[in-house]
Amino acid sequence: MAYVYDPANIFARILRGEIPSDTVLETAHTLAFRDIRPQAPLHVLVIPKGPYVTFDHFAAEASEAEIMDFMRAAAQVCALVGAAPGQGGGGYRAISNAGEAGVQEVQHYHLHILGGRMLGRMLPH
Ligand code: 5GP
C-alpha cells in the first residue's frame with residue numbers, strides 16, 4: 001500500500017511555522033529541532049521538509065538532493081551538539097520509529113538523535 005502523507009501532522013505544522021520549535025539547524029531540505037519531551041539530555045529530531053512518512057518512504061522516494069541534504073544536515077547536527085565521536089563528542093544513538101511495531105507517534109519521517117548520557121542497550125529485553 002502506498003504511503004499517504006497527512007499534512008495536518010504536527011511536524012508539518014512546525015514546518016509551516018504554525019507551531020514554534022527550538023531549531024538547531026535549518027538547510028534547504030531539512031530542519032533539526034529539539035524534542036519537546038526529551039528522553040535524554042540531548043534529544044534532537046532531524047526531519048526532511050518534504051512530505052515523507054517513514055524512513056523507508058524517504059529513502060525510496062526522496063530526490064538525491066533531499067537525501068544528500070538530510071544526511072549532511074544530520075552529520076552537522078551531531079557535530080553542532082558535541083555528540084560526534086570523531087570530533088571528541090560523547091556519542092549518540094540515531095533511531096527512527098516507523099509504523100505500528102516501531103511505535104511511531106508523528107507521521108512525518110524523523111531521525112531521533114539521542115545522547116548526553118549512557119543510553120544502555122539498544123532495545124529492552
Ligand atoms: P516518534 O514516536 O514518532 O518516533 O517520536 C515523535 C517525537 O516527537 C516524540 O519524541 C515527541 O516527544 C516529539 N514531539 C511530538 N510533538 C512535538 C512538538 O510539537 N514539538 C517537538 N519539538 N517535538 C514533538
Is any side-chain heavy atom of [X] closer than 4.5 Å to a side-chain heavy atom of [Y]?
{"X": "Asn97", "Y": "His112", "value": "yes"}
{"X": "Arg93", "Y": "Ile113", "value": "no"}
{"X": "Gln107", "Y": "Asp6", "value": "no"}
{"X": "Thr30", "Y": "Leu25", "value": "no"}
{"X": "Arg16", "Y": "Pro7", "value": "yes"}

Taking Glu66's backbone N and O only, do any of them form a donor-acceptor pair with Lys49's side chain (distance below 3.5 Å, no angle check)? no
Is a side-chain donor or acceptor of Ser96 paired with a backbone partner of His110 at a separation under 3.5 angstrom?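 Such a contact is found between Ser96 side chain and His110 backbone.
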Minimum heavy-atom distance [X]-[Y], with the two atoms named:
{"X": "Ala32", "Y": "Val77", "result": "CB-CG2, 3.5 Å"}
{"X": "Leu15", "Y": "Pro48", "result": "CD1-O, 3.9 Å"}
{"X": "Leu119", "Y": "Ala40", "result": "CD2-CB, 4.2 Å"}
{"X": "Pro85", "Y": "Tyr92", "result": "CD-CE2, 3.8 Å"}
{"X": "Val53", "Y": "His57", "result": "N-ND1, 2.9 Å"}
{"X": "Ile67", "Y": "Ala59", "result": "CD1-O, 3.9 Å"}

Under the ring-ring contact (aromatic ring centres under 6.0 Å, His included) test against Phe11, which residue among Tyr109, Tyr5, Phe33 passes? Phe33
As an exercise, state the distance from [atom1] of [X] to [atom2] of [Y], rounded to the nearest 0.5 Å.
{"X": "Ser21", "Y": "Leu45", "atom1": "OG", "atom2": "CG", "value": "9.5 Å"}
{"X": "Leu114", "Y": "His43", "atom1": "CG", "atom2": "NE2", "value": "4.5 Å"}
{"X": "Ile10", "Y": "Ile36", "atom1": "CD1", "atom2": "CD1", "value": "7.5 Å"}

Should we say atom CD of Glu18 is surrounded by more than 12 heavy atoms from elsewhere, each under 6.0 Å from it? yes
Quick one: do the Asp69 and His29 side chains pair a donor with an acceptor below 3.5 Å? no
Donor + acceptor pair across side chains of Tyr3, Glu61 (<3.5 Å): no
Is [Y] reachable from [X] through a run of hydrophobic residues whose side-chain heavy atoms are each under 4.5 Å from the next?
{"X": "Phe55", "Y": "Val44", "value": "yes"}
{"X": "Met71", "Y": "Val81", "value": "yes"}
{"X": "Ile19", "Y": "Val106", "value": "yes"}
{"X": "Leu31", "Y": "Phe70", "value": "no"}
{"X": "Ile14", "Y": "Ile47", "value": "yes"}

Hey, mind stepping through Arg72 and Thr27 against side-chain contact (heavy atoms from CB on, under 4.5 Å) and telling me if it holds? CA-CA 10 Å; Arg72 295 284 200 246; Thr27 64; over 6 Å; no
